[in-house]
Amino acid sequence: MKILHLDTNHTILLDQLNALGFQNDEDYTSTKEEVESKIGIYDGIIIRSRFAIDKTFLDKAKKLKFIGRVGAGLENIDTQYASKQGIQLFNAPEGNRNAVGEHTLGMILSLFNKLNQGNQSVRDGQWLREAHRGIELDQKTVGIIGYGNMGRAFAKKLRGFNVEVICYDILEDIEDSNATQVELQELFEKTDVLSLHTPETPKTIGMINKAFITKFKKPFWLINTARGKSVVTKDLVEALTQKKILGAGLDVLEYEKSSFENLFTSKKEMPDAFAKLLKMDNVILSPHVAGWTVESKEKLAQTIVDKIKTKFC
């Protein structure tokens with residue numbers, strides 16, 4: 001079988017697939033159209049987020065048996081059409097779930113203890129202890145929306161804290177010893193910290209909007225390490241201004257493109273809501289790296305190799 005690698009990944013992907021007898025070709029620079037002109041000879045492709053695998057691409061991939069996406073989400077792939085064509089889809093949420101769980105917890109603790117603000121204050125020659133008095137996670141209720149690989153990994157990280165962990169998911173009977181599954185109404189009533197761990201779907205795009213935020217009984221903290229388009233930024237900024245949301249940790253942003261290495265590639269003016277967000281000291285931002293650790297790079301690659309091996313060897 002011939003596999004085309006469209007993004008660089010950990011070397012174990014190529015090394016182990018070569019050892020299994022697959023022919024591996026690498027193309028990290030051609031345009032999508034150039035790749036489409038030759039994709040018909042390949043049995044598999046390995047990709048991260050370089051470009052969308054849409055119907056046009058898939059129609060030209062006549063021999064394609066599988067797509068390996070070295071990451072958790074599949075939103076850059078037309079999954080329905082691929083399945084209709086009998087193409088196997090492999091993704092790797094198992095590979096970076098631990099990294100996402102740790103990053104999510106880190107964002108909460110940084111916000112609660114004003115670590116970013118305190119760090120900058122000391123660097124500026126100030127020693128403002130009272131201004132940087134923190135709050136404790138102890139006895140808070142953490143609400144998780146989306147209880148798959150990422151949500152479960154985050155809940156596991158909370159076991160050492162004296163917190164109540166509740167989760168909401170569109171699937172039934174998914175709770176475990178680390179979180180109790182609840183309906184949305186109970187989530188709205190109890191939550192002190194809300195963490196998103198949902199994929200990008202028509203139902204989750206724009207999910208955290210003004211109407212949704214106003215349903216929470218208490219002011220809450222928002223953490224999003226899932227997908228940027230789940231949060232309407234202008235509504236988030238309004239809620240932060242009105243203290244309906246006390247602070248936010250955002251690893252992902254509404255304005256990201258499917259390939260997140262470059263946030264802004266056009267000459268358009270920065271969105272007003274984002275400009276305001278950047279000035280808020282109760283907001284922590286990171287560049288879509290929650291699942292982006294030294295360890296997860298290897299785990300993601302190994303997960304894809306293992307799934308290909310199980311199916312085709």
Side-chain angles (χ1 to χ4, degrees), residues 71-74 91-113 115 134-201 203-204 207-208 212-213 215-228 230-231 236 245-252 284 286 288-293 295-296 299-300 303:
L74 292 169
N91 62 335
E94 305 92 335
N96 62 356
R97 60 190 175 189
N98 182 71
V100 171
E102 290 189 6
H103 194 97
T104 305
L105 180 57
M107 281 191 145
I108 294 171
L109 296 178
S110 293
L111 283 167
F112 275 30
N113 292 285
L115 294 184
I135 62 172
E136 298 178 16
L137 187 54
D138 188 79
Q139 298 191 23
K140 302 290 192 297
T141 297
V142 179
I144 299 173
I145 298 183
Y147 205 62
N149 279 281
M150 307 305 168
R152 289 174 183 273
F154 172 51
K156 185 178 179 180
K157 300 301 175 192
L158 293 168
R159 288 194 303 194
F161 295 85
N162 181 29
V163 294
E164 179 182 10
V165 184
I166 57 178
C167 64
Y168 171 79
D169 197 284
I170 59 173
L171 300 178
E172 297 180 355
D173 301 322
I174 47 82
E175 71 176 34
D176 58 17
S177 59
N178 297 320
T180 301
Q181 187 169 10
V182 299
E183 296 298 326
L184 272 177
Q185 187 56 45
E186 187 170 348
L187 188 92
F188 293 143
E189 291 174 0
K190 288 186 172 182
T191 297
D192 295 299
V193 180
L194 180 68
S195 188
L196 305 182
H197 298 280
T198 49
E200 185 176 302
T201 70
K203 289 184 178 180
T204 62
M207 174 177 63
I208 309 300
F212 191 90
I213 293 167
K215 292 179 181 178
F216 284 81
K217 182 178 179 181
K218 299 180 284 185
F220 64 97
W221 302 78
L222 175 67
I223 309 294
N224 187 11
T225 55
R227 289 295 180 260
S230 294
V231 177
L236 169 61
I245 293 181
L246 300 172
L250 307 175
D251 181 55
V252 289
I284 294 178
S286 57
H288 202 143
V289 292
W292 203 253
T293 62
E295 293 85 357
S296 72
K299 291 176 186 176
L300 287 165
T303 299

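Computed from a prediction, not measured in an experiment: that's the story for all the values here.
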From Thr104 atom OG1 to Ile144 atom CD1, the distance as rounded to the nearest 0.5 Å: 9.0 Å
Looking only at heavy atoms, what is the nearest atom pair of Gly95 and Lys299, with distance? O-CB, 3.2 Å
Shortest non-hydrogen contact between His103 and Ser286, atoms and distance: NE2-OG, 3.0 Å
Hey, does Val163 have a side-chain heavy atom less than 4.5 Å from the side chain of Val193? no
Polar side-chain atom of Thr204 near backbone of Pro199 as donor-acceptor pair, under 3.5 Å: yes
How many angstroms lie between NZ in Lys203 and OG in Ser230, if you round to the nearest 0.5 Å? 14.0 Å
Within 6.0 angstrom of Lys157 NZ, more than 12 heavy atoms from elsewhere: yes
Provide the full list of salt bridge (Lys or Arg N to Asp or Glu O under 4.0 Å) pairs with a residue in residues 181-194, sequence neighbours left out, each pair given once. Glu164-Lys190, Glu186-Lys190, Asp192-Lys218
Could you pull out the closest heavy-atom pair between Tyr168 and Val182, with the gap in Å? CD1-O, 3.4 Å
Inter-residue atom distance Ser195.OG - Ile223.CD1, 0.5 Å rounding: 6.5 Å
Flag, side chain of Thr293 to backbone of Ser296, donor-acceptor distance under 3.5 Å: yes
4.5 Å side-chain heavy-atom contact, Leu250 and Leu236: yes
Validation row: Phe220, Ile245 side chains within 4.5 angstrom (heavy atoms): yes
When you compare the side chain of His197 with that of Phe154, does any pair of heavy atoms fall below 4.5 Å? yes
Check Ala290 against Asp251 and note the closest heavy-atom contact, atom names and distance. N-OD2, 3.0 Å
Out of curiosity, Phe216 CZ to Thr191 OG1, how far, rounded to the nearest 0.5 Å? 5.5 Å
Just by distance, do the side chain of Lys140 and the backbone of Glu136 share a donor-acceptor pair under 3.5 Å? yes
Within the side chain of Glu295, is there an N or O that forms a donor-acceptor pair under 3.5 Å with the backbone of Ala99? no
Smallest separation among heavy atoms of Gly143 and Leu187, with atom names: CA-CD1, 3.8 Å
Taking the side chain as C-beta and beyond, is there a heavy-atom pair between Gln185 and Lys217 under 4.5 Å? no
Indicate yes or no: at least one non-hydrogen side-chain atom of Phe112 is less than 4.5 angstrom from one of Leu137. yes
At what distance, to the nearest 0.5 angstrom, does CD of Glu94 lie from CE of Met150? 8.5 Å
Write down the atom of Ala72, the atom of Asn91, and the distance for their closest heavy-atom approach. O-ND2, 2.5 Å
Supply the atom-to-atom distance Leu194 CG to Thr141 OG1, rounded to the nearest 0.5 angstrom. 12.0 Å
Student check: side-chain heavy atoms of Lys215 and Leu184 closer than 4.5 Å: no
For the backbone of Pro93 and the side chain of Asn149, can you confirm whether one donor and one acceptor N or O come within less than 3.5 Å of each other? no
Do Leu105 and Leu158 touch side chain to side chain, with heavy atoms closer than 4.5 Å? yes
Member of Thr198, Asn224, Ile213 meeting the side chain to side chain contact (heavy atoms under 4.5 Å, CB included) criterion with Ile208: Ile213
Which residue pairs satisfy the salt bridge (Lys or Arg N to Asp or Glu O under 4.0 Å) criterion with at least one member in residues 169-182, sequence neighbours excluded? Arg152-Asp176
